[in-house]
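Structure first, then comments.
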Amino acid sequence: MSTDQPGPGSGEPPEDDPFLKKPQEPPADGAPRNGSPYGGGTGQGEGGTPPPGGTPPPPPPGGTPPPPPPGDVPPPYGEDPYRGGPYADNPYGGQYGAADPLAGMPPLANRGRRLVARIIDALLIGVPVTLIMNAIVGWVDYTSTSNSETGKQATVSGVTMLAYLIYEGLMLSRNGQTVGKMAMKVRVAMLSNGAVPTPQAAWVRAAVYTLPEIVPCCGFLFWLVNVLWCTWDKPYQQCLHDKAAKTVVVSAA
(Lines give C-alpha, C1' and ligand atoms only; values in the text may rest on other atoms or scores of the structure.)
Protein backbone atom coordinates (compact mmCIF):
# COMPACT_ATOMS: atom_id res chain seq x y z
CA MET A 1 0.00 0.00 0.00
CA SER A 2 1.34 3.40 -0.92
CA THR A 3 2.16 5.76 1.93
CA ASP A 4 1.66 8.86 -0.18
CA GLN A 5 -1.11 11.23 0.92
CA PRO A 6 -3.81 12.18 -1.61
CA GLY A 7 -2.78 15.19 -3.59
CA PRO A 8 -4.87 18.21 -4.54
CA GLY A 9 -7.79 17.38 -6.78
CA SER A 10 -7.99 13.75 -5.56
CA GLY A 11 -11.44 14.30 -4.00
CA GLU A 12 -10.17 14.16 -0.43
CA PRO A 13 -10.79 17.12 1.91
CA PRO A 14 -7.77 19.40 2.45
CA GLU A 15 -5.68 18.81 5.54
CA ASP A 16 -6.33 22.31 6.83
CA ASP A 17 -10.12 21.82 6.72
CA PRO A 18 -11.25 22.99 10.23
CA PHE A 19 -14.14 20.47 10.18
CA LEU A 20 -11.88 17.50 9.39
CA LYS A 21 -11.23 15.36 12.46
CA LYS A 22 -7.49 15.34 13.17
CA PRO A 23 -5.52 12.63 15.01
CA GLN A 24 -4.14 13.61 18.38
CA GLU A 25 -0.43 14.07 18.97
CA PRO A 26 1.27 11.51 21.22
CA PRO A 27 2.00 12.67 24.78
CA ALA A 28 5.31 14.38 25.34
CA ASP A 29 6.51 11.64 27.72
CA GLY A 30 5.87 8.90 25.17
CA ALA A 31 3.13 7.19 27.20
CA PRO A 32 0.31 5.67 25.16
CA ARG A 33 -2.98 7.61 25.15
CA ASN A 34 -6.32 5.85 25.17
CA GLY A 35 -8.25 6.44 21.99
CA SER A 36 -5.23 7.94 20.21
CA PRO A 37 -4.24 6.45 16.85
CA TYR A 38 -0.67 6.45 18.16
CA GLY A 39 -1.28 4.57 21.40
CA GLY A 40 -3.11 1.66 22.93
CA GLY A 41 -1.60 -0.87 20.48
CA THR A 42 1.20 -3.41 20.68
CA GLY A 43 3.27 -2.41 17.68
CA GLN A 44 6.74 -1.05 17.48
CA GLY A 45 7.92 1.96 19.40
CA GLU A 46 6.56 3.69 22.44
CA GLY A 47 3.48 5.03 20.70
CA GLY A 48 2.33 1.72 19.14
CA THR A 49 1.63 0.99 15.53
CA PRO A 50 0.37 3.88 13.40
CA PRO A 51 -3.00 3.31 11.74
CA PRO A 52 -3.22 1.49 8.39
CA GLY A 53 -2.58 3.55 5.31
CA GLY A 54 0.78 4.97 6.22
CA THR A 55 1.90 7.91 8.27
CA PRO A 56 -1.03 10.00 9.50
CA PRO A 57 -1.16 13.62 8.31
CA PRO A 58 0.44 16.14 10.63
CA PRO A 59 -1.84 18.31 12.77
CA PRO A 60 -2.56 21.80 11.44
CA PRO A 61 -0.17 24.59 12.43
CA GLY A 62 -1.00 25.98 15.83
CA GLY A 63 -2.65 22.83 17.17
CA THR A 64 -6.40 22.29 17.48
CA PRO A 65 -8.43 24.61 15.23
CA PRO A 66 -10.29 27.34 17.13
CA PRO A 67 -14.04 27.00 17.67
CA PRO A 68 -16.29 28.75 15.17
CA PRO A 69 -17.18 32.39 15.93
CA PRO A 70 -20.40 33.04 17.89
CA GLY A 71 -22.27 33.98 14.72
CA ASP A 72 -21.74 30.48 13.31
CA VAL A 73 -23.03 28.57 16.34
CA PRO A 74 -26.30 26.85 15.36
CA PRO A 75 -29.40 28.12 17.19
CA PRO A 76 -31.31 26.05 19.73
CA TYR A 77 -33.76 23.53 18.33
CA GLY A 78 -36.93 25.11 17.06
CA GLU A 79 -35.55 28.62 16.49
CA ASP A 80 -35.09 30.19 13.08
CA PRO A 81 -31.33 30.69 12.50
CA TYR A 82 -31.88 34.01 10.75
CA ARG A 83 -34.37 35.59 13.14
CA GLY A 84 -33.72 37.18 16.52
CA GLY A 85 -36.97 36.48 18.34
CA PRO A 86 -40.59 36.01 17.39
CA TYR A 87 -40.14 38.58 14.64
CA ALA A 88 -37.04 39.54 12.71
CA ASP A 89 -35.65 43.04 12.46
CA ASN A 90 -35.72 42.28 8.76
CA PRO A 91 -39.05 40.46 8.52
CA TYR A 92 -38.48 39.38 4.96
CA GLY A 93 -35.43 37.20 5.60
CA GLY A 94 -31.80 37.33 6.65
CA GLN A 95 -28.63 37.94 4.68
CA TYR A 96 -28.36 34.27 3.72
CA GLY A 97 -31.73 34.16 2.00
CA ALA A 98 -35.41 34.46 2.76
CA ALA A 99 -36.20 32.67 5.98
CA ASP A 100 -39.82 31.87 6.68
CA PRO A 101 -41.22 35.35 7.46
CA LEU A 102 -43.92 33.90 9.71
CA ALA A 103 -41.56 31.71 11.78
CA GLY A 104 -42.10 32.29 15.50
CA MET A 105 -45.02 34.65 14.92
CA PRO A 106 -48.43 34.13 16.58
CA PRO A 107 -51.10 33.12 14.06
CA LEU A 108 -52.34 35.99 11.93
CA ALA A 109 -55.83 37.13 12.81
CA ASN A 110 -58.68 36.00 10.60
CA ARG A 111 -59.83 38.79 8.29
CA GLY A 112 -63.46 38.20 9.20
CA ARG A 113 -62.74 38.66 12.90
CA ARG A 114 -60.83 41.85 12.14
CA LEU A 115 -63.82 43.21 10.21
CA VAL A 116 -66.26 42.38 12.98
CA ALA A 117 -63.93 44.03 15.53
CA ARG A 118 -63.97 47.23 13.44
CA ILE A 119 -67.75 47.18 13.24
CA ILE A 120 -68.04 46.78 17.01
CA ASP A 121 -65.70 49.73 17.62
CA ALA A 122 -67.48 51.91 15.03
CA LEU A 123 -70.84 51.29 16.69
CA LEU A 124 -69.40 51.73 20.17
CA ILE A 125 -68.01 55.19 19.33
CA GLY A 126 -70.17 56.34 16.44
CA VAL A 127 -73.64 55.80 17.86
CA PRO A 128 -73.29 57.64 21.20
CA VAL A 129 -71.17 60.47 19.76
CA THR A 130 -73.63 61.01 16.91
CA LEU A 131 -76.58 61.11 19.31
CA ILE A 132 -74.80 63.54 21.62
CA MET A 133 -73.77 65.83 18.76
CA ASN A 134 -77.26 65.79 17.28
CA ALA A 135 -78.59 66.86 20.64
CA ILE A 136 -76.08 69.72 20.73
CA VAL A 137 -76.33 71.07 17.16
CA GLY A 138 -79.89 69.99 16.46
CA TRP A 139 -81.03 66.89 14.65
CA VAL A 140 -79.18 66.57 11.36
CA ASP A 141 -81.13 65.94 8.18
CA TYR A 142 -78.70 63.76 6.22
CA THR A 143 -80.91 63.95 3.10
CA SER A 144 -80.73 67.72 2.88
CA THR A 145 -78.12 69.57 0.82
CA SER A 146 -78.67 72.99 2.33
CA ASN A 147 -75.67 74.85 3.68
CA SER A 148 -76.88 74.70 7.26
CA GLU A 149 -77.49 70.96 7.17
CA THR A 150 -74.21 70.32 5.37
CA GLY A 151 -72.42 72.25 8.10
CA LYS A 152 -74.13 70.16 10.77
CA GLN A 153 -73.22 66.95 8.97
CA ALA A 154 -69.56 68.00 8.75
CA THR A 155 -69.50 68.94 12.43
CA VAL A 156 -70.99 65.63 13.59
CA SER A 157 -68.73 63.59 11.30
CA GLY A 158 -65.61 65.51 12.35
CA VAL A 159 -66.27 65.10 16.06
CA THR A 160 -67.07 61.40 15.58
CA MET A 161 -63.80 60.77 13.72
CA LEU A 162 -61.83 62.70 16.32
CA ALA A 163 -63.42 60.64 19.10
CA TYR A 164 -62.57 57.42 17.23
CA LEU A 165 -58.98 58.57 16.66
CA ILE A 166 -58.46 59.28 20.37
CA TYR A 167 -60.19 56.04 21.39
CA GLU A 168 -58.07 53.84 19.11
CA GLY A 169 -54.77 55.61 19.83
CA LEU A 170 -55.20 55.30 23.59
CA MET A 171 -56.43 51.70 23.53
CA LEU A 172 -53.77 50.37 21.19
CA SER A 173 -50.91 52.02 23.10
CA ARG A 174 -52.25 50.50 26.33
CA ASN A 175 -52.42 46.82 25.36
CA GLY A 176 -52.79 46.56 21.59
CA GLN A 177 -56.54 45.98 21.74
CA THR A 178 -59.72 47.98 21.42
CA VAL A 179 -63.01 46.73 22.82
CA GLY A 180 -63.89 45.19 19.47
CA LYS A 181 -60.52 43.45 19.21
CA MET A 182 -60.89 42.10 22.74
CA ALA A 183 -64.30 40.72 21.87
CA MET A 184 -62.95 39.03 18.73
CA LYS A 185 -59.71 37.88 20.41
CA VAL A 186 -57.29 39.67 18.10
CA ARG A 187 -54.60 42.20 18.91
CA VAL A 188 -52.21 44.63 17.24
CA ALA A 189 -48.50 43.91 17.67
CA MET A 190 -45.25 45.47 16.52
CA LEU A 191 -43.99 43.59 13.48
CA SER A 192 -40.36 43.74 14.67
CA ASN A 193 -40.84 41.96 18.02
CA GLY A 194 -44.51 41.20 18.67
CA ALA A 195 -44.74 43.72 21.54
CA VAL A 196 -47.61 46.07 22.35
CA PRO A 197 -47.49 48.97 19.88
CA THR A 198 -45.39 51.93 20.98
CA PRO A 199 -47.33 55.15 21.53
CA GLN A 200 -45.96 56.52 18.28
CA ALA A 201 -46.98 53.42 16.32
CA ALA A 202 -50.43 53.35 17.95
CA TRP A 203 -51.18 56.97 17.06
CA VAL A 204 -49.77 56.67 13.53
CA ARG A 205 -51.93 53.62 12.92
CA ALA A 206 -55.04 55.35 14.25
CA ALA A 207 -54.35 58.53 12.28
CA VAL A 208 -53.76 56.79 8.93
CA TYR A 209 -56.99 54.85 9.38
CA THR A 210 -59.16 57.78 10.50
CA LEU A 211 -57.94 61.14 9.22
CA PRO A 212 -57.99 60.61 5.42
CA GLU A 213 -61.79 60.43 5.61
CA ILE A 214 -61.97 64.17 6.18
CA VAL A 215 -60.47 64.84 2.73
CA PRO A 216 -63.34 65.48 0.28
CA CYS A 217 -63.94 62.88 -2.44
CA CYS A 218 -60.61 61.02 -2.39
CA GLY A 219 -60.68 60.49 1.39
CA PHE A 220 -63.31 57.76 1.22
CA LEU A 221 -61.53 56.11 -1.73
CA PHE A 222 -58.27 55.97 0.24
CA TRP A 223 -60.10 54.55 3.26
CA LEU A 224 -61.67 51.84 1.10
CA VAL A 225 -58.36 50.84 -0.48
CA ASN A 226 -56.75 50.90 2.96
CA VAL A 227 -59.17 48.47 4.61
CA LEU A 228 -59.19 46.14 1.59
CA TRP A 229 -55.39 46.04 1.29
CA CYS A 230 -55.08 43.18 3.78
CA THR A 231 -57.04 40.87 1.47
CA TRP A 232 -54.13 40.62 -0.98
CA ASP A 233 -51.11 41.69 1.10
CA LYS A 234 -48.48 38.99 1.64
CA PRO A 235 -47.20 37.61 3.89
CA TYR A 236 -48.55 39.63 6.85
CA GLN A 237 -52.05 40.62 5.63
CA GLN A 238 -51.39 44.25 6.53
CA CYS A 239 -53.63 47.18 5.74
CA LEU A 240 -51.97 50.46 4.78
CA HIS A 241 -52.28 51.78 8.34
CA ASP A 242 -50.41 48.66 9.53
CA LYS A 243 -47.63 49.29 7.04
CA ALA A 244 -47.35 52.93 8.10
CA ALA A 245 -47.11 51.94 11.78
CA LYS A 246 -45.08 48.73 11.16
CA THR A 247 -47.66 46.65 12.98
CA VAL A 248 -49.49 43.41 12.31
CA VAL A 249 -52.80 41.99 13.58
CA VAL A 250 -52.47 38.58 15.22
CA SER A 251 -54.69 36.20 17.11
CA ALA A 252 -54.92 36.68 20.86
CA ALA A 253 -56.89 33.50 21.57
Side-chain angles (χ1 to χ4, degrees), residues 75-94 98-130 160-213 220 222-253:
Y77 176 76
E79 290 189 10
D80 193 320
Y82 305 125
R83 302 176 67 83
Y87 304 87
D89 291 335
N90 176 9
Y92 295 99
D100 180 4
L102 302 179
M105 181 186 292
L108 295 174
N110 178 274
R111 296 184 185 94
R113 289 161 60 188
R114 293 171 63 175
L115 175 61
V116 174
R118 281 292 186 187
I119 293 173
I120 292 173
D121 290 329
L123 294 175
L124 181 66
I125 299 300
V127 171
V129 172
T130 299
T160 302
M161 284 188 289
L162 179 61
Y164 191 92
L165 170 66
I166 295 172
Y167 161 77
E168 178 154 324
L170 291 175
M171 294 291 285
L172 293 184
S173 59
R174 183 175 67 92
N175 63 357
Q177 291 181 297
T178 59
V179 174
K181 288 178 173 56
M182 285 186 244
M184 299 311 299
K185 294 182 171 56
V186 300
R187 72 180 181 90
V188 178
M190 296 301 296
L191 179 61
S192 61
N193 55 19
V196 171
T198 63
Q200 178 181 354
W203 287 103
V204 167
R205 190 180 192 275
V208 173
Y209 176 81
T210 306
L211 294 183
E213 295 182 61
F220 175 77
F222 176 85
W223 176 86
L224 185 61
V225 172
N226 177 17
V227 297
L228 291 177
W229 198 273
C230 65
T231 61
W232 59 75
D233 181 73
K234 300 295 181 184
Y236 300 116
Q237 300 176 9
Q238 293 172 297
C239 293
L240 295 180
H241 52 266
D242 285 310
K243 291 186 177 295
K246 298 181 180 179
T247 57
V248 67
V249 183
V250 297
S251 176

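Both backbone and side-chain heavy atoms feed into the values below; hydrogens, waters and symmetry mates do not.
Annotation: side chain of Q200 is not in contact with side chain of S173 (no heavy-atom distance under 4.5 Å). Residues W229 and H241 fail the side-chain proximity criterion, which asks for heavy atoms closer than 4.5 Å. Counting heavy atoms from C-beta on, the side chains of R118 and R113 never come closer than 4.5 Å. Annotation: side chain of Q177 is not in contact with side chain of M171 (no heavy-atom distance under 4.5 Å).
In this structure, the side-chain contact (heavy atoms from CB on, under 4.5 Å) partners of L170, at least two apart in sequence or on a different chain, are I166, W203. Take F222 and apply the ring-ring contact (aromatic ring centres under 6.0 Å, His included) test, not counting sequence neighbours, and it matches no residue. Under the side-chain contact (heavy atoms from CB on, under 4.5 Å) criterion, V129 pairs with I125, M133, V159, T160, A163, not counting sequence neighbours.
Counting only residues at least two apart or on different chains, no salt bridge (charged side-chain N to carboxylate O under 4.0 Å, His left out) pair has a member in residues 193-202.
Of all heavy-atom pairs between V208 and N226, the closest is O-ND2, 4.0 Å. Pairing each heavy atom of G169 with each of A202, the nearest pair is O-CB, 3.8 Å. The minimum heavy-atom distance linking M190 with A201 is given by the pair SD-CB, 3.7 Å.
Between the side chain of T210 and the backbone N or O of A207, no donor-acceptor pair lies under 3.5 Å. Listed for the R187 side chain is no donor-acceptor partner under 3.5 Å among the backbone atoms of N175.
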Extract all donor-acceptor atom pairs below 3.5 Å that involve side chains of residues 244-253 and protein atoms in other chains or at least two apart in sequence.
| residue | atom | partner | partner atom | Å |
| --- | --- | --- | --- | --- |
| T247 | OG1 | R205 | NE | 3.4 |
| T247 | OG1 | D242 | OD1 | 2.8 |
| S251 | OG | A253 | N | 3.3 |

Ignoring hydrogens and angles, write down the donor-acceptor pairs under 3.5 Å from the side chains of residues 178-186, residues two or more places apart or on other chains.
| residue | atom | partner | partner atom | Å |
| --- | --- | --- | --- | --- |
| T178 | OG1 | D121 | OD1 | 3.4 |
| T178 | OG1 | D121 | OD2 | 2.5 |
| T178 | OG1 | K181 | N | 3.3 |

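Rounded to the nearest 0.5 Å, atoms CG (D233) and CG (L240) are 8.5 Å apart. Note that the CD1 atom of I119 and the CZ atom of R114 stand 13.5 Å from one another [nearest 0.5 Å]. Within the model, atoms CG of L191 and CD of Q238 stand 5.5 Å from one another, a figure rounded to the nearest 0.5 Å. Summarising the geometry, atom CH2 belonging to W223 is positioned 5.5 Å from atom OH belonging to Y209; distances are rounded to the nearest 0.5 Å.
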Worksheet entry | Candidate pair T231 and R111, rule side-chain contact (heavy atoms from CB on, under 4.5 Å), full reasoning | CA-CA 8 Å; T231 61; R111 296 184 185 94; 4.2 Å; yes
